[in-house]
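Written out below as structure tokens is the structure these notes cover.
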Amino acid sequence: MPTPRYSRGATGPTNFYAPGARDLLPLDVAQKRWVEKRIQDVFHRWGYHRIITSTLERLETLIAGGAVDRDSVIQIPAIDGGTLGLRPELTASIARAAVARMGDIYPQRLYYNANVFLKSDLEHHGRQQEFYQAGIELLGIGGIRADVEAILLMIDCLTSLAVPNWQIILGEAGLSRALLAQFPSEFQTQIRQCLAHLDRVTLEQIPLTPQQQELALCLLDLRGNPALVLTKLAQLQLDAHSQATISHLQMVVDLLTTTTNAQIPLILDLSLIQTFDYYTGIVFEAVSITADRAHILGKGGRYDKLLALYHPQGQNFPGIGFALNIEDLQQVLQANPAMPRYTAKPDWLVVAVTSTATAAALSYAHQLRATPELVRVEMYLDDGNLAQIRQIAIDRGTARIAWVSDEEVKVEELGAE
């Protein structure tokens with residue numbers, strides 16, 4: 001974050017930067033758009049259509065069903081006396097829009113490219129609160145094919161961007177909940193947190209029976225090669241519903257490993273528990289391993305009970321989706337030679353050689369901009385001698401200068417210099 005700038009007023013210095021705010025300068029924007037364009041192209045190839053929802057939602061929409069913690073939402077008073085919130089994610093907003101305004105024609109393949117907001121607590125005052133995401137929602141269809149489509153679509157985004165050292169971590173929210181249900185209710189939340197953070201030390205200190213402690217540590221170790229993890233799962237005493245879930249998980253893994261030509265770096269992790277509690281089935285993350293740390297590039301999963309919360313008659317429709325984190329993708333892609341290193345250079349600098357040639361210079365610049373292809377044309381707006389103007393153009397990487405006088409236009413090519 002840049003150093004805050006202050007303006008001294010009558011009562012002292014004023015900080016013009018909002019806590020947690022961040023400006024994107026032109027090169028940041030160029031890199032962000034480069035990433036977003038490639039993701040968008042993938043979404044289009046898979047038949048998805050863009051949807052844009054309101055940045056502000058009623059707080060009740062965002063926290064419906066307890067999926068989002070009220071205290072994590074940046075809240076704004078509404079004119080009618082209610083409370084609005086800045087969206088912390090897009091799934092709830094898209095679910096609301098889909099069931100209220102798009103009818104019951106399914107499946108719906110929707111994608112978004114938008115900002116989200118996460119409220120900082122007092123301990124982390126000033127931490128970034130606005131983020132950018134691109135993602136998809138596949139609504140109105142369940143089953144193995146839909147699960148595999150969502151995961152393969154995320155993988156296609158990663159490969160199209162040439163993300164280095166990526167992995168897909170796959171879990172099953174319903175199965176994880178069923179396994180947690182075998183522990184005393186007073187310990188389930190703590191065990192869940194230990195599993196989510198891979199915290200073996202704390203897990204071993206929870207006062208469980210020896211049999212429960214053995215199961216808890218077994219759950220912590222249900223992570224790694226899919227075949228080995230599925231073998232361990234088969235050895236557990238589980239009910240018929242959980243056994244069916246494991247069979248579904250096995251078929252998803254089989255399809256993922258046989259559909260693509262390249263081998264997918266896939267980790268099966270039954271301790272994978274997502275931030276939002278509305279997930280009911282498959283959950284997954286994309287991770288990139290770099291020298292300093294593991295970057296979580298995106299998350300997703302199946303939510304088969306969310307849409308009913310927004311349907312006027314409470315009718316339910318299944319759904320699955322994911323979100324990719326644009327800033328994290330930009331960070332891991334910095335070494336990619338295709339990533340923009342500079343902002344776009346001007347194609348032309350149009351200079352009125354004399355004050356009386358201003359109208360002619362403006363007209364010539366207009367002609368250049370009117371061509372079918374994109375041409376970046378700048379007008380020189382200040383006074384200066386020809387040598388100074390030429391050096392400014394060279395420093396900015398300008399391709400050519402149009403010297404416009406009352407009598408003629410002289411074009412000077414700078415590319416050879």
Side-chain angles (χ1 to χ4, degrees), residues 35 38-39 42-43 45-46 48 89 91 111 133-138 143-176 195-198 220-233 245-276 279-290 293-303 319-333 336:
V35 172
R38 278 147 186 79
I39 294 174
V42 175
F43 291 163
R45 288 197 294 268
W46 284 71
Y48 284 71
E89 51 94 49
T91 301
Y111 82 87
Q133 293 183 344
I136 63 99
E137 308 294 346
L138 176 55
I144 293 171
R145 293 174 183 173
D147 289 347
V148 172
E149 174 169 320
I151 299 170
L152 287 178
L153 177 47
M154 176 183 272
I155 291 171
D156 200 356
C157 291
L158 300 176
T159 55
S160 295
L161 288 166
V163 172
N165 304 318
W166 59 268
Q167 297 177 342
I168 296 295
I169 302 176
L170 180 65
E172 223 294 341
L175 182 58
S176 295
L195 295 176
H197 296 97
L198 302 178
L220 188 67
D221 293 332
L222 286 175
R223 186 178 195 275
N225 180 280
L228 296 179
V229 173
L230 288 167
T231 299
K232 291 180 181 179
L233 280 172
T245 302
I246 294 172
S247 297
H248 178 98
L249 193 57
Q250 175 73 69
M251 286 186 281
V252 169
V253 170
D254 290 344
L255 283 172
L256 289 175
T257 54
T258 58
T259 300
T260 60
N261 294 328
Q263 184 175 2
I264 295 175
L266 183 64
I267 294 174
L268 190 55
D269 184 0
L270 270 296
S271 68
L272 180 62
I273 299 173
Q274 298 287 34
T275 305
F276 301 113
Y279 290 115
T280 58
I282 290 287
V283 290
F284 50 97
E285 288 183 352
V287 178
S288 177
I289 309 297
T290 61
R293 65 187 179 94
H295 300 260
I296 297 177
L297 305 179
K299 296 182 178 183
R302 172 160 292 285
Y303 46 89
I320 187 171
F322 66 78
L324 292 168
N325 307 318
I326 301 300
E327 288 100 334
D328 291 296
L329 284 167
Q330 281 183 244
Q331 188 172 352
V332 302
L333 290 169
N336 188 324

Could you give me the CA-CA distance, side-chain angles and deciding distance for Ile267 and Asn225, then say whether side-chain contact (heavy atoms from CB on, under 4.5 Å) is met? CA-CA 6 Å; Ile267 294 174; Asn225 180 280; over 6 Å; no

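- To the nearest 0.5 Å, atoms CD (Gln330) and CG (Leu161) are separated by 10.5 Å.
- With Leu297 as reference, Val163 is the one residue of Val287, Leu333, Val163 to meet the side chain to side chain contact (heavy atoms under 4.5 Å, CB included) rule.
- Nearest approach of Phe43 to Gly135, heavy atoms of both residues: CE1-O, 3.8 Å.
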side-chain contact (heavy atoms from CB on, under 4.5 Å), that's the test. Do Leu158 and Ile168 meet it? Break it down for me. CA-CA 10 Å; Leu158 300 176; Ile168 296 295; 4.1 Å; yes

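- Looking at Tyr111 and Ile39, their side chains never come closer than 4.5 Å, going by heavy atoms from C-beta outward.
- Across His248 and Gly143, no two heavy atoms sit closer than the pair CE1-C, 3.9 Å.
- When every heavy atom of Tyr48 is checked against every heavy atom of Glu137, the shortest pair comes out as CE2-O, 4.0 Å.
- Here Ile282 contributes atom CD1 and Glu172 contributes atom CD; the two are 5.0 Å apart, rounded to the nearest 0.5 Å.
- Met154 places a side-chain heavy atom less than 4.5 Å from the side chain of Phe284.
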Let's go through Asp147 and Ile320 carefully: what are the C-alpha distance in whole Å and the side-chain angles of both, what is the deciding distance for side-chain contact (heavy atoms from CB on, under 4.5 Å) to 0.1 Å, and is it a yes or a no? CA-CA 7 Å; Asp147 289 347; Ile320 187 171; 3.3 Å; yes

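- The distance from atom CG of Leu266 to atom CD1 of Ile155, rounded to the nearest 0.5 Å, is 7.5 Å.
- Rounded to the nearest 0.5 Å, atoms CG (Leu268) and CG (Leu222) are 8.0 Å apart.
- Counting only distance, with no hydrogens or angles, the side chain of Asn325 and the backbone of Ile296 share a donor-acceptor pair below 3.5 Å.
- Ile151 has its side chain within reach of Val252: a pair of non-hydrogen atoms, C-beta onward, lies under 4.5 Å apart.
- Residues Arg223 and Val229 form no side-chain contact, since every pair of their non-hydrogen atoms from C-beta on lies 4.5 Å or further apart.
- Taking all atoms of both residues into account, the shortest heavy-atom contact from Gln133 to Ala323 is OE1-CB, 3.6 Å.
- When atom types are taken as modelled, the side chain of Thr159 and the backbone of Asp156 share a donor-acceptor pair closer than 3.5 angstrom.
- For Ser288 (side chain) and Trp166 (main-chain N/O), no donor-acceptor pair under 3.5 Å exists by modelled atom type.
- The shortest non-hydrogen separation linking Ala146 to Arg302 is CB-NH2, 3.5 Å.
- For the atom pair SG of Cys157 and CZ of Arg45, the computed distance is 8.5 Å after rounding to the nearest 0.5 Å.
- Looking only at side-chain heavy atoms (C-beta outward), Trp46 and Ile136 stay at 4.5 Å or farther from each other.
- Residue Leu255 holds its CG atom at 10.5 Å from CD of Gln250, rounded to the nearest 0.5 Å.
- Leu170 places a side-chain heavy atom less than 4.5 Å from the side chain of Leu249.
- When side chains are defined from C-beta on, Leu233 counts as touching Leu175, because their heavy atoms get closer than 4.5 Å.
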